[in-house]
S.K.: 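Structure provided below as structure tokens; questions to follow.
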Amino acid sequence: NLMNSDNKFLLATKESSALEFKTYYSSHIVKTIAAFLNSEGGTIVIGIQEGEISNKFVGIQDTDKIIRQLNNDVETKLHSQKGILPDVNYSTEDFCSAKILIVKVPKANAPVYYDGKIYVRISDKNIVVPHIGHYHDLLHIEKGELRSVRKYRNEQEITDRRSSNIFQIGNLPTGGY
């Protein structure tokens, strides 16, 4: 049973601001879910290993167990300021002789915390936001400009240390959450 043609593109696709590949499930995936929730949403595909030239199908077993673990980890490790997390949707696809798990993550309408921190997705990286005031600013930085984010964060951290009131820096928004 070969994978369906709709998913063949996954073997030739690179990770991005909206796509992440995982060889197997680990609770670190929840950090990526948080980053997608705090950005524009995205998709995690479990059972595909990203490669330099092309991706490799590895498949996963016992998708029901993984979905139960994922649901538990999302409920226990993610927290929203509004108290309600958007639904994360799961689907399994047959892929050769095993399966892949596709996790669809929507955009949240309020910051979501993982391990007490806010993560956003920039390019193919999960970036921690230094504090809530930077949350909206980071989301508007052009996708793929990871170096700009690091430069921006470093400049802001220096400014933060010099400022007696962290929320008076520049034109950073302070309210709403």
Side-chain angles (χ1 to χ4, degrees), residues 3-4 6-7 9-11 13-51 55-139 141 143-144 146 149-150 153 176-177:
M3 77 182 282
N4 70 43
D6 292 344
N7 289 326
F9 78 94
L10 291 173
L11 293 181
T13 304
K14 292 290 179 198
E15 289 185 342
S16 68
S17 61
L19 181 64
E20 174 90 7
F21 294 111
K22 292 294 183 186
T23 308
Y24 54 87
Y25 180 75
S26 80
S27 60
H28 292 298
I29 288 173
V30 181
K31 186 194 301 183
T32 301
I33 290 174
F36 283 153
L37 285 165
N38 288 325
S39 301
E40 295 300 315
T43 302
I44 301 167
V45 183
I46 305 172
I48 293 182
Q49 182 177 29
E50 187 180 33
N55 300 330
K56 182 176 154 192
F57 164 70
V58 291
I60 54 170
Q61 305 298 326
D62 202 354
T63 53
D64 290 341
K65 180 180 177 188
I66 292 172
I67 290 170
R68 281 194 304 276
Q69 183 64 52
L70 195 47
N71 274 326
N72 183 61
D73 285 345
V74 164
E75 284 178 26
T76 58
K77 295 175 190 284
L78 296 184
H79 305 283
S80 170
Q81 285 193 327
K82 292 198 172 170
I84 300 166
L85 292 170
D87 286 338
V88 174
N89 296 304
Y90 311 99
S91 63
T92 56
E93 302 279 342
D94 290 329
F95 194 123
C96 300
S97 59
K99 294 185 179 297
I100 58 173
L101 178 62
I102 297 173
V103 183
K104 296 261 188 201
V105 182
K107 177 180 179 173
N109 59 7
V112 173
Y113 292 83
Y114 169 81
D115 196 23
K117 299 181 180 101
I118 298 175
Y119 288 86
V120 294
R121 184 76 173 186
I122 308 246
S123 186
D124 62 347
K125 302 281 186 269
N126 302 324
I127 305 295
V128 69
V129 179
H131 63 73
I132 190 69
H134 293 159
Y135 173 64
H136 293 291
D137 288 3
L138 283 175
L139 293 185
I141 291 174
K143 287 180 176 68
L146 185 56
V149 175
R150 285 199 179 117
R153 274 181 35 194
Y177 297 110

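All values below come from the heavy atoms of this structure, side chains included, with hydrogens, waters and symmetry mates left out. In this chain, residues are counted from 1 in sequence order. Remember, predicted model here, so these are calculated numbers, not experimental data.
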S.K.: Measure the spacing between OH of Y25 and CG of D62 and express it to the nearest 0.5 Å.
M.R.: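 So the gap between those two atoms works out to 13.5 Å.
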S.K.: Taking C-beta and beyond as the side chain, do V129 and N38 meet within less than 4.5 Å on heavy atoms?
M.R.: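 They are not in side-chain contact.
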S.K.: Could you state the interatomic distance from NZ (K22) to CD1 (I29), rounded to the nearest 0.5 Å?
M.R.: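 The distance works out to 6.0 Å.
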S.K.: Between R121 (side chain only) and S16 (backbone N and O only), is there a donor and an acceptor less than 3.5 Å apart?
M.R.: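 Yes, the answer is positive, given that a donor and an acceptor are paired below the 3.5 Å cut-off.
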S.K.: Using only atom types and a distance under 3.5 Å, with no angle test, would you say the side chain of E50 pairs donor to acceptor with the backbone of E15?
M.R.: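 Side chain of E50 to backbone of E15: a pair is present.
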S.K.: List the atom of P86, the atom of L37, and the distance in Å for their closest heavy-atom pair.
M.R.: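 Minimum heavy-atom contact is CG-CD2, 3.7 Å.
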S.K.: Which heavy atom in S39 sits nearest to a heavy atom in A35, and how many Å separate them?
M.R.: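 Reported closest heavy-atom pair: OG-O, 2.9 Å.
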S.K.: Could you check whether any side-chain heavy atom of T32 comes within less than 4.5 Å of a side-chain heavy atom of V103, counting everything from C-beta outward?
M.R.: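 A side-chain contact is absent here, since even the closest heavy-atom pair is not under 4.5 Å.
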S.K.: Measuring only between side-chain heavy atoms, which start at C-beta, is S17 closer than 4.5 Å to I122?
M.R.: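 No. Closest side-chain heavy atoms not under 4.5 Å.
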S.K.: Locate the shortest heavy-atom distance separating G47 from I60; write the atom from each residue and the value.
M.R.: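 Closest approach of G47 to I60: CA-CG2, 3.9 Å.
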S.K.: Would you say that N71 contacts Y90 through its side chain, given a criterion of any heavy-atom pair below 4.5 Å between the two side chains?
M.R.: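 Yes, side chains in contact.
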S.K.: Got a second to check how far Y119's OH is from N126's CG, nearest 0.5 Å?
M.R.: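 That separation rounds to 8.0 Å.
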S.K.: Report yes if the side chains of Y114 and I33 come closer than 4.5 Å at any heavy-atom pair, otherwise no.
M.R.: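 Side-chain contact under 4.5 Å: no.
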S.K.: Calculate, to the nearest 0.5 Å, the distance between atoms CD1 and CG belonging to I67 and N72 respectively.
M.R.: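 One finds 13.5 Å between CD1 of I67 and CG of N72.
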S.K.: Return the minimal non-hydrogen interatomic distance between L85 and V74, and the atom names on each side.
M.R.: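 Closest pair (atom of L85, atom of V74, distance): CD1-O, 3.9 Å.
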S.K.: Find the distance between CG (L70) and CD1 (I44) and round it off to the nearest 0.5 Å.
M.R.: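 Atom-to-atom, L70:CG and I44:CD1 are 7.5 Å apart.
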S.K.: Got a second to check how far L10's CG is from I48's CD1, nearest 0.5 Å?
M.R.: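 Answer for the CG-CD1 pair, L10 versus I48, is 4.5 Å.
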S.K.: More than 12 heavy atoms of other residues, nucleotides or ligands under 6.0 Å from NZ of K14: yes or no?
M.R.: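 Check passes, neighbour count above 12.
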